[in-house]
Amino acid sequence: MEELLYPRLLLAAAGRESSRPAFIDDAGTEEHLADHVDRSLRLADAHRTRLGLAKEDRFAVLAGNSRHYVNLWHAAFLGGGVVNPLNTRLAPKELEFILRDSGSRVLYVDASFAAVAAELRPHLPELEAVVLLGEGDVAHDL
């Protein structure tokens, strides 16, 4: 019997149930399991090829609940790094300490935390990239 590893379970479920909804957001928009897995696999690949993250490298997430957040978790499970979820209620100094202490190389933020990321960025030269999550155009200097 094969070991029950999460990536194996996720990929098998996507193969069997590809048209089932994985997420339905507040607006009623559905994302099907096949699309979710495809997006997570592409994100894991982008972590390796574009951001240079290895399986053991950490990336942090400062965002509210969304399908983008789940994509990041699943990308990590699929070999795209180790997710470091940040508490959205912490002060910037506390977030700075956690980011530095964890060795996170990349920070993902959604639009609601873009200003916090912009405040943190000058204090964290070891942070290689800040990536804005979400859809559409958002004007923030990160």
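Computed from a predicted model, the values in this text were never measured in an experiment. Quick note: numbers below take in every heavy atom, side chains included, and nothing from hydrogens, waters or symmetry partners.
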**Request:** Assess whether side-chain contact (heavy atoms from CB on, under 4.5 Å) is satisfied between Val37 and His74, documenting all intermediate values.
**Result:** CA-CA 8 Å; Val37 170; His74 289 171; over 6 Å; no
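- The residues Arg42 and Asp38 are annotated as salt-bridged, a charged nitrogen and a carboxylate oxygen being separated by less than 4.0 angstrom.
- Scanning for side-chain contact (heavy atoms from CB on, under 4.5 Å) contacts around Leu124 gives Glu96, Leu99, Arg100, Leu120, Glu126, Leu127, with sequence neighbours left out.
- The closest side-chain heavy-atom distance from Asn84 to Phe59 is not below 4.5 Å.
- To the nearest 0.5 Å, the span separating CD on Glu128 from CG on Leu107 amounts to 12.5 Å.
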**From CA spacing to verdict: ring-ring contact (aromatic ring centres under 6.0 Å, His included), His47, Phe77** = CA-CA 12 Å; His47 279 175; Phe77 291 148; over 10 Å; no
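- Judged as a salt bridge (charged side-chain N to carboxylate O under 4.0 Å, His left out), not a single pair has a partner in residues 73-86 (not counting sequence neighbours).
- Val106 and Val82 are not part of a single hydrophobic cluster, where members link through side-chain heavy atoms under 4.5 Å apart.
- In this structure, Val83 and Pro85 approach most closely via the heavy-atom pair O-CD, 3.5 Å.
- Note: the hydrophobic cluster containing Phe97 also contains Val109 (ILVMFWY, side chain heavy atoms under 4.5 Å, direct or indirect links).
- The CG atom of Leu95 sits 12.0 Å away from atom NE2 of His123, with the distance rounded to the nearest 0.5 Å.
- Using a distance-only test at 3.5 Å, with no hydrogens or angles considered, a donor-acceptor pair links the side chain of Arg48 to the main chain of Gly79.
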**Chi angles and distances behind the side-chain contact (heavy atoms from CB on, under 4.5 Å) call for Val61, Tyr69** = CA-CA 8 Å; Val61 183; Tyr69 206 140; 3.5 Å; yes
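- If you chain together hydrophobic residues whose side chains sit under 4.5 Å apart, Trp73 and Leu133 fall into the same group.
- Within a 6.0 Å sphere centred on CG of Asp101, other residues, nucleotides and ligands contribute more than 12 heavy atoms.
- Across all their heavy atoms, His32 and Ser19 have their closest contact at CD2-O, 2.6 Å.
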**Residues His36, Val70; criterion side-chain contact (heavy atoms from CB on, under 4.5 Å); working and verdict** = CA-CA 9 Å; His36 169 72; Val70 178; 3.8 Å; yes
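- Residues that satisfy the ring-ring contact (aromatic ring centres under 6.0 Å, His included) test with His68, not counting sequence neighbours, are absent from this structure.
- Distance check, rounded to the nearest 0.5 Å: OG of Ser40 to CG of Leu33 gives 9.5 Å.
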**Message:** Working note: Leu132 + Asp110, criterion side-chain contact (heavy atoms from CB on, under 4.5 Å); need CA distance, chi angles, decisive distance, verdict.
**Reply:** CA-CA 6 Å; Leu132 185 63; Asp110 63 16; 5.6 Å; no
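- In this structure, the separation between CZ on Phe113 and OG1 on Thr88 is 4.5 Å, given to the nearest 0.5 Å.
- Considering CD of Glu31 and CG of Asn71, their distance stands at 5.5 Å, rounded to 0.5 Å.
- Distance OG/Ser104 to CG/Leu86: 6.5 Å, rounded to 0.5 Å.
- A donor-acceptor distance shorter than 3.5 angstrom exists from the side chain of Arg58 to the backbone of Glu56, with no hydrogens or angles considered.
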